[in-house]
Each structure stands twice: as structure tokens, then as C-alpha cells.
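Written below as C-alpha cells is the structure these notes are about.
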Amino acid sequence: MMDVVYFAWVRERIGLPREKVESTAATVSELVAELSVREERYAAAFADLSALRVALDQELSDFDASLEGVREVAFFPPMTGG
Amino acid sequence: MMDVVYFAWVRERIGLPREKVESTAATVSELVAELSVREERYAAAFADLSALRVALDQELSDFDASLEGVREVAFFPPMTGG
Amino acid sequence: MHVKVQEERFEFGREAEAFAAGCAGAGAVVTFTGVVRDADAGGLVAMEIEHYPGMTQKALEKITADAMARWSLADALVIHRHGRLEPGEQIMMVATAARHRVAAFEAAEFLMDYLKSRAPFWKKEILENGSASWVEAKEIDEEALTRW
Amino acid sequence: MHVKVQEERFEFGREAEAFAAGCAGAGAVVTFTGVVRDADAGGLVAMEIEHYPGMTQKALEKITADAMARWSLADALVIHRHGRLEPGEQIMMVATAARHRVAAFEAAEFLMDYLKSRAPFWKKEILENGSASWVEAKEIDEEALTRW
């Protein structure tokens, strides 16, 4: 069981900011694949991974990274601060 | 007749900040030569022209420049503002 | 080192003065302030800045500590706001203090380049006609990071 | 465009705030402030700054106007003091406002590089032991100009 959080248009497209997800995915990519087959809104949000960024336990990471021991996965578009 | 002004260690070495000079020098270099033969303190101040800068009528210039029509010649070391 | 993530406005002048006063031995102080502009076309009514609360403070502290170490700064400051801002309001500021001007300038530019592309903030523009759109990350902002 | 040559102190924070408030549409504001440091060795008691009254204002205005044009600045400010300053006192500041951060940073660095080597100011350091010496121009400050 892990927390999955969404920001900006990823949050809007999926329609919620945070959810608990039961998953056996070993990597971020596998988690994305699991979510994408759930419902069309997930598939839409994850359609183009090059337009997405991921953070694991609040550190920037990448889609190949392992989820072992991870408690919080965040998906969001490239940042636009400053 | 023109005003010749000095700043920083050039002023200290020559011993005055400003003087009127009667000269027929055509260029800055000729004026420097005229002043240098006047007295030792001028020769000392003008010994190394690479360590000096010149402004004509308050615009940076160089030692080859003509003095025609110039009313104020300034000699000083490289600037150290900021 | 000072890192503040906040919704409230900050007073740029007061922050800049206090920062400079706190590191008087430094010689060179650089500040940068970002202000909400009108949109290039079609009047901007507001900018909404979303952030990732759990991550933002940590990410900014990491970037700031990196700058402190790399340029041997006397001090560094980052303030970044979130929430709804109107045109003319200050979004964020950075300040750096170093012995020499080149280090202070470089560190401030480094902080800005990293804030733009690596700190978890997302901007949404609300226009007069009611439409809203997420600001897209710019290629040149990503490329700016290759300088460091 | 604002250019001030003065003996009195200035309030960095107040000047920075007023400058930023005066060009709220600009997006990016950069400031630089130079502070009198202790000398690297042998305590500095004071810094005396001599200038060329007839030329200083004109030279600063020319440099500032060049920066305004080259980076399409919304505004620019230069304040430079002369006379006797003690460690911790602010010597000078520049501020630039532009649509984007790169222009604001570059213009501020350009102003600093030109002020250092082309504005008619000369610094003399007065040390605790009573000795006084003119600060020598640095090769790297002259080289910095080749960037522009």
C-alpha cells in the first residue's frame, strides 16, 4: 500500500490529488502501466511519459526506479517555479 | 591655455589637483613630454604611461589623441570603482 | 541560509536590507526578484501557484545548500510563494552574499536556474476571458541547467 | 533610468523596494550591492573614494543608457558613493528590470564590469597601522569587459 499523489494538470486529469494504491509493481513504469488500464482518465494522464516527472518519497526520480520501500509516489508535469 | 587635472596617486605625486597649462602640444603624448621635463615630480608621475589613463573634456581617450579644441585634460590611474 | 515557502506576501526591500545587514563582511550581495507580469496577450487576472508541500522546503534547502558550498557564500536566501497572486505581486526572491561579485552573481543565477526546473512549483494563468492554462516548462530553462 | 553620485549613505532596501515598485510589469529585477569589506590582512579602518566630479555622472549615465538599450530594460538604477566609508558601509548598488531573468542578470553584470573599470572612481584603503594605499586595478576586471 502506498500513497500516490498528483499535481497540476496530472491532478486535474485524474481528478484527485492523492489516493492509496495497492500494487505489486516493482518499478514506477509498472505502476504507471497498472494505473493506465484502470480507467480512461489515468490512461489520458499517463499517455506521454516524456511530459511527466516522478518523485519517490519526495525526491526527484525516474520511471525505471524501483518502488521497493517507497511510501509516496508523486506524478506531475515539468516544474515551472521561479 | 587648458586645465590639467590629476586624480588619485597622480594627484598626490604631482602635488596638486588642477592647474592651468600654457602649451602648444598637439597631442596628449606631447603634453606629457612637456610636463615631464618641467620638474622631477612630473617625470615621476608620468614615468610609466601604461599605468595611466587620460580623459579629454571628461571622456576617456588615449595618449595619441589630438588636443585641438580640448579645454580639460585629466590624468589618473586605472579606475577602481564598483 | 534562509529558505521560506509561504502563501503570504513578503516585503522585498525589507528582506533585501535584512539579508545585506546580516552579512556585512561579504563584499558583494546580489538579489533576484520575480514579479507576476501581465500575460503577453489577453490580460492576466491572476497566477495560481501550486506546490508539493512535503517536498518543496527540502528541495529548496538542498539547492540552496549546494549553492552555499559551491561558491563559498557568506549567506543565501530563498523565498517562494504559492497560492493566488495578481499582476505586480512578487512571486519569489533569492539573495546571495559572497566576497566577490562574480561568485555572488553566479550563485544567484544557479539558484534561479534550479528553482525554475527542479523545485516543485507549477504555475497556472487565469485570463480575463475566464480561461485558465498551466504554464508550460520551457526548453531553454532546462538547457540553462547544463551550464552548471 | 536613475543615476546618483553621492557622498551620503543610501538605504539599500528602500532603494531596491522603490525600484521594483516602479517597474512592476517587468517580471525580473536584479540588484547588486557592494559593501566595504575588512582588508584581507591588517584591519581596514576606512575606504576613501575619490572621483572626477565633472565626468562621473556623465560616464555612469552613458554606461547605464548602453545597458538599457542593449537589454531592452524596463528600468535601471546606479548609485555610487564617494568620500570616506567604513567597513560594513555600502559603496554602491545597481538594479536592473527586464521581462526575463537572463536579460536582468546580464545587464547588471555588464553595469558592474563597466563601473569597475570605466567609471572615474579610485579607492584608497586606510589601515589600522596608519598606512594608506591606493587599490590597484585588477587584470581580471579589465578582462571581464571582453565578455561584452
Side-chain angles (χ1 to χ4, degrees), chain A residues 1-21 23 27-28 31-32 35 40-82, chain C residues 3 5 32-37 47-64 78-83 85 90-94 108-125 132-145:
Chain A
M1 188 79 114
M2 64 185 105
D3 288 306
V4 182
V5 297
Y6 310 109
F7 293 99
W9 59 253
V10 182
R11 172 179 54 69
E12 291 178 340
R13 216 166 278 182
I14 290 176
L16 78 180
R18 167 182 290 268
E19 59 186 321
K20 292 212 176 282
V21 171
S23 167
T27 65
V28 177
L31 176 63
V32 166
L35 292 168
E40 176 51 31
R41 58 198 168 104
Y42 290 94
F46 292 118
D48 177 9
L49 291 191
S50 74
L52 288 185
R53 300 288 178 268
V54 61
L56 301 183
D57 288 335
Q58 305 166 357
E59 298 261 0
L60 282 176
S61 187
D62 54 65
F63 289 89
D64 296 335
S66 163
L67 291 177
E68 194 173 336
V70 169
R71 285 160 305 174
E72 184 172 291
V73 181
F75 294 106
F76 42 78
M79 293 89 132
T80 54
Chain C
V3 172
V5 180
F32 176 92
T33 318
V35 181
V36 181
R37 282 199 310 267
M47 175 86 86
E48 284 176 7
I49 303 179
E50 183 170 338
H51 79 124
Y52 183 173
M55 180 175 168
T56 316
Q57 182 80 22
K58 275 195 290 189
L60 294 184
E61 283 175 4
K62 167 89 170 59
I63 293 166
T64 310
V78 174
I79 302 175
H80 204 303
R81 296 176 62 194
H82 56 88
L85 284 75
Q90 287 153 353
I91 304 170
M92 48 75 62
M93 74 175 282
V94 306
E109 289 172 72
F110 168 91
L111 284 172
M112 287 308 305
D113 287 347
Y114 269 83
L115 284 179
K116 281 267 168 198
S117 304
R118 292 292 181 271
F121 293 98
W122 300 274
K123 292 193 188 119
K124 190 181 207 174
E125 292 180 341
S133 58
W134 292 97
V135 172
E136 283 193 52
K138 293 191 201 117
E139 193 90 29
I140 57 161
D141 284 332
E142 189 64 32
E143 280 162 16
L145 296 183

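Reminder, nothing fancy here: chain letters follow the sequence lines and each chain counts from 1.
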Closest non-hydrogen atom pair between Val135(C) and Thr80(A), with its separation: O-CG2, 3.4 Å
Contacting moiety of Ile49(C), where chain A heavy atoms sit under 4.5 Å: neither
Rounded distance (nearest 0.5 Å) linking atom OG1 of Thr56(C) with atom CE of Met79(A): 9.0 Å
Parallel, tilted or perpendicular: ring planes of Trp122(C) versus Phe76(A), cut at 30 and 60 degrees: tilted
Heavy-atom proximity to chain A below 4.5 Å, by part of His82(C): neither
Residue Glu59(A) excluded, over 12 heavy atoms near CD under 6.0 Å: no
Contact residues of residues 64-74 of chain A (partner chain C; heavy-atom separation under 4.5 angstrom): Glu72(A), Ala74(A)
Selection from Arg81(C), Lys116(C), Glu48(C), Met92(C) maximising heavy-atom pairs under 4.5 Å formed with chain A: Lys116(C)
Phe7(A) side, atom CZ; Tyr52(C) side, atom OH - distance, nearest 0.5 Å: 5.5 Å
Residue, of Pro78(A), Ala51(A), Pro17(A), that accumulates the most heavy atom pairs under 4.5 Å with chain C: Pro78(A)
Engaged part of Ala8(A) at the chain C interface, taking heavy atoms whose separation is under 4.5 Å: both
Ala59(C), part contacting chain A, at a heavy-atom distance under 4.5 Å: neither
Reported NZ-to-CD distance for the pair Lys124(C) and Glu12(A), which is rounded to 0.5 angstrom: 3.5 Å
Approximate separation, where rounding is to 0.5 Å, of Arg118(C) CZ and Arg53(A) CZ: 7.0 Å
Chain A contact via Lys58(C) - which portion, at a heavy-atom distance below 4.5 Å: side chain
